[in-house]
Amino acid sequence: MRSPPTPILVAVLLLHATACDPSADGRGAATPGPDQIASSLRPAVQLEGEPLVTHTITDRLAHYAVPGLSVAVLDDGEIAWARGWGVADTETGAPVTSTTLFQAASISKPVAALGAMSLAEEGILGLDDPVNVHLTSWQVPENRFTADSAVTLRGILSHTAGLTVWGFPGYRKDQPFADGEEVATNVDVLDGHGNTDSVRVFREPGIAWLYSGGGYTVMEQMVEDVTGHPFEQAMRERVLDPAGMARSTYEQPLPPGRWGEASRGHRGDGSEVEGEWHNYPEQAAAGLWTTPSDLLTLSGHLLDILGGSAPDGVVSRATLETMLEPHRFGEEGFDSYGLGFGIEGEGETLSFGHGGSNAGFRAQWIVFPALGDGAVVMTNGDRGAQLAAEVLRALADAYDWPRPRAEVRAHRMLEATKLAEYAGEYELEDEPDFVVTMRAGDGVLLFDVPEQGTYTLHADAGVDDSFFDASDAQTLTFERDDDGTVSTIVLPGDQRLRRR
């Protein structure tokens, strides 16, 4: 089983808008507007000694082959503006607006976690109970790893339960799962009868951090078992409606009456996802349809809870504060995740949120509680993560957020003879049919990935055989055989491609 992919690993594997008018923020300065952001996108790395690089959203939509983008910004606890760019459907040319539905992908997880934690607050679920106490439709199979430690809700929400299956590919919208069954059931998924492996305990719960969408499917089944309601109903009653997320739904498949509100998904080359989009019966892990404005409406609600002005919030202040604490501070992996939420920084620089990656959709959500600021960026393309990151860097610069910011990095321009040492075809170590090409450019390497396009790699000024992508700051290295011949590309996560 693999860890979740980093941006480079993911790579391997028309303007129209509705917007609120910019206004003065609570600190007395003019709020940056969407037009300013749209012309000031920043890559992750500013090359040392080179002119400042900025891009427009229109240019970057084309560069990343992402048809559409939707952005909303939270300023001092209120939605300052929301706007769409590009198209939701390349066939019809339907524009992205601030009300277009996108798949939230893994942003579904923290929203679902709020529902589960509300049940824990009421004593219907126990945060540290063995989950099998509450599961009636299915049970986590016991094995040698559970002899002394049980899978718990706390472990599932913090990705420390020792469960398999990090993510889900979904199912084509235009193809039923089986005769008379539109989508797989939770039990189908958990027992490996869908399109992923079975969800099982593969290491002792509580001792290590490893992302598991499979764990969230266990939680989804547990919520259904204790409430007696379908997951989408339980979430509407416990989170979506109380938080004011009027356009959002966990329904899978999305009801046909709402198809006209939804963006289609698109591959890395800009082509449409087969069947327009995929359905995700793994609702808690990946099944939320929403808008940036709805997620920021939830964000404002959570900030009110933290500030004490929402005593009847979806969860209590004490519960939310627990969800936003590092699961085990100071330990790699553990300290970047609370209960459902990804977290970074502390005190005045604390942020919470999550990223999302479904077939044809990428999204990012970030909130700074001390500032009352945040943003959601949702895209309808497989290369949208890089685009979303550029938008967030522009927002961080404009609103003076702690992050994300571009870094300055030294690089070297290499001679053609040196670049030729790396050029050639490379195959993924455990998938030899997947072949990428490395070729020489003008002082740089050009990395061609099937269905993803071409990435420009700069040589690190201080490390031999090390290159980085300025767009997302990800680094790869080359390994050589004993005779000095370049033989292997090593990607983040120790993923390897062998030279053919």
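Only this structure's heavy atoms are used, side chains among them; waters, hydrogens and symmetry mates stay out.
- Taking 4.0 Å as the cut-off between side-chain N and carboxylate O, Glu91 and Arg264 count as a salt-bridged pair.
- Atom CD of Gln221 and atom CE of Met219 lie 12.0 Å apart (nearest 0.5 Å).
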Should Glu390 and Gln386 be marked as a side-chain hydrogen bond (donor to acceptor under 3.5 Å, both in side chains) after you check the CA-CA gap, both sets of side-chain angles, and the distance that decides it?
CA-CA 6 Å; Glu390 292 189 11; Gln386 294 97 319; over 6 Å; no

Should Arg83 and Asp35 be marked as a side-chain contact (heavy atoms from CB on, under 4.5 Å) after you check the CA-CA gap, both sets of side-chain angles, and the distance that decides it?
CA-CA 10 Å; Arg83 185 166 178 171; Asp35 291 335; 2.7 Å; yes

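- The backbone N or O of Ala285 sits less than 3.5 Å from a side-chain atom of Lys109, completing a donor-acceptor pair.
- Annotation: cation-pi pair Arg383/Tyr455 present, NZ/CZ under 6.0 Å from the ring centroid and within 45° of its normal.
- Side chain of Trp209 to backbone of Ser158: a donor-acceptor contact under 3.5 angstrom is found.
- Applying ring-ring contact (aromatic ring centres under 6.0 Å, His included) to His159 and the options Trp166, Phe341, Phe334, Tyr211 leaves one that passes, Tyr211.
- Put simply, the side chain of Thr456 does not reach to within 4.5 Å of the side chain of Phe447, judged on heavy atoms.
- You'll find the side chain of Lys173 stays beyond 4.5 Å of the side chain of Val273, heavy atoms only.
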Please assess Thr322 against Thr319 for the test side-chain hydrogen bond (donor to acceptor under 3.5 Å, both in side chains), listing each intermediate value before the final yes or no.
CA-CA 5 Å; Thr322 297; Thr319 292; over 6 Å; no

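- Side-chain N or O atoms of Asp75 include none that pairs as donor or acceptor with a backbone N or O of Ala80 at under 3.5 Å.
- Using a 4.5 Å heavy-atom threshold, the side chains of Leu47 and Arg409 count as separate.
- A donor-acceptor pair shorter than 3.5 Å cannot be found between the side chains of Arg362 and Thr379.
- Electrostatic pairing of Asp174 and Arg172 counts as a salt bridge here, judged by a charged N lying under 4.0 Å from a carboxylate O.
- Looking only at distances, a side-chain donor or acceptor of Asn195 sits under 3.5 Å from a matching main-chain atom of Gly170.
- Atoms CD1 and CG, on Ile156 and Leu127 in that order, are 10.5 Å from each other to the nearest 0.5 Å.
- Side-chain contact between Val111 and Met235 is present, with heavy atoms from C-beta onward closer than 4.5 Å.
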Step by step, work out the side-chain contact (heavy atoms from CB on, under 4.5 Å) result for Leu190 and Val218.
CA-CA 7 Å; Leu190 292 167; Val218 175; 3.6 Å; yes

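- Below 30°, between 30° and 60°, or above 60°: for His278 and Tyr280 the angle between ring planes is between 30° and 60°, a tilted geometry.
- Using modelled atom types, one finds a donor on one side chain and an acceptor on the other under 3.5 Å when comparing Gln103 with Asn358.
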Assess the residue pair Thr56 and Thr58 against the criterion (side-chain hydrogen bond (donor to acceptor under 3.5 Å, both in side chains)); give the C-alpha distance rounded to whole Å, side-chain angles, the decisive distance to 0.1 Å, and a yes or no.
CA-CA 5 Å; Thr56 68; Thr58 302; 4.8 Å; no

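- Between Gly215 and Leu163, the shortest heavy-atom contact is CA-CD1, 3.6 Å.
- With 3.5 Å as the limit, one finds no donor-acceptor pair spanning the side chains of Thr297 and Asp294.
- In terms of modelled atom types and a separation under 3.5 Å, the side chain of His55 and the main chain of Arg60 share no donor-acceptor contact.
- Put simply, CG on Leu157 and CZ on Arg154 are 9.5 Å apart, with the number rounded to the nearest 0.5 Å.
- Cation-pi contact between Arg236 and Tyr250: absent, since separation from the ring centre below 6.0 Å together with deviation from the ring axis within 45° is not met.
- A salt bridge links Arg238 to Glu122: at least one charged side-chain nitrogen sits closer than 4.0 Å to a carboxylate oxygen.
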Salt bridge (Lys or Arg N to Asp or Glu O under 4.0 Å) assessment of Asp335 paired with Arg328:
CA-CA 5 Å; Asp335 62 0; Arg328 192 178 296 166; over 6 Å; no

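- Leu125 CG to Asp225 CG: the interatomic distance, rounded to the nearest 0.5 Å, is 10.0 Å.
- Without hydrogens or angle criteria, Tyr64 side chain to Asp59 main chain gives no donor-acceptor distance under 3.5 Å.
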I would like to know whether Val314 and Ile305 meet side-chain contact (heavy atoms from CB on, under 4.5 Å); could you show each step before the answer?
CA-CA 9 Å; Val314 294; Ile305 293 172; 4.2 Å; yes

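- The 12-atom threshold is exceeded at CD of Glu274, counting heavy atoms of other residues, nucleotides or ligands nearer than 6.0 Å.
- Pro450 has its side chain within reach of Val436: a pair of non-hydrogen atoms, C-beta onward, lies under 4.5 Å apart.
- Residue Gln175 places its CD atom among more than 12 non-hydrogen atoms of other residues, nucleotides or ligands, all under 6.0 Å distant.
- In Glu348, the CD atom is not crowded: 12 or fewer heavy atoms of neighbouring residues, nucleotides or ligands sit closer than 6.0 Å.
- Remark: Gln36 CD to Leu395 CG distance equals 9.5 Å, nearest 0.5 Å.
- The aromatic rings of Phe361 and Trp289 sit perpendicular, their planes meeting at an angle over 60°, well past the 30° parallel limit.
- In the model, Trp365 has a side-chain atom that pairs as donor or acceptor with a side-chain atom of Ser299 under 3.5 Å.
- In the displayed structure, Glu182 atom CD is contacted under 6.0 Å by at most 12 heavy atoms of other residues, nucleotides or ligands.
- Side-chain contact between Leu74 and Asp373: absent, with no pair of heavy atoms (C-beta onward) separated by less than 4.5 Å.
- Under the 3.5 Å distance criterion, the side-chain polar atoms of Ser70 are left unmatched by any main-chain donor or acceptor of Gly84.
- The number of heavy-atom neighbours closer than 6.0 Å to CG of Asp448, taken from other residues, nucleotides and ligands shown, is above 12.
- With a 4.5 Å cut-off on side-chain heavy atoms, Glu272 and Asp89 count as touching.
- Scanning both residues, Trp81 and Pro32, for their nearest heavy atoms gives NE1-O, 3.2 Å.
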Yes or no on side-chain hydrogen bond (donor to acceptor under 3.5 Å, both in side chains) for Arg247 and Thr291, after CA distance, side-chain angles and deciding distance?
CA-CA 7 Å; Arg247 304 195 67 84; Thr291 68; 5.6 Å; no

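- When only modelled atom types and interatomic distance are considered, Glu121 and Ser316 share a side-chain donor-acceptor pair under 3.5 Å.
- With Asn279 contributing its side chain and Pro253 its backbone, the two residues share no donor-acceptor pair below 3.5 Å.
- For the residue pair Arg403 / Ser351, a side-chain donor-acceptor distance below 3.5 Å is found, with atom types taken as modelled.
- Ring planes of Trp401 and Phe368: tilted class, angle from 30 to 60°.
- The closest donor-acceptor contact from the side chain of Gln46 to the backbone of Val53 lies under 3.5 Å.
- Judged by distance alone, the side chains of Gln252 and Glu232 never bring a donor and an acceptor atom under 3.5 Å apart.
- Between the side chain of Asp304 and the backbone N or O of His301 there is no donor-acceptor pair closer than 3.5 Å.
- Two residues are said to be in side-chain contact when any heavy atoms from C-beta on lie closer than 4.5 Å; Glu181 and Asp188 meet this criterion.
- Between Thr54 atom OG1 and Leu41 atom CG the span is 8.5 Å, to the nearest 0.5 Å.
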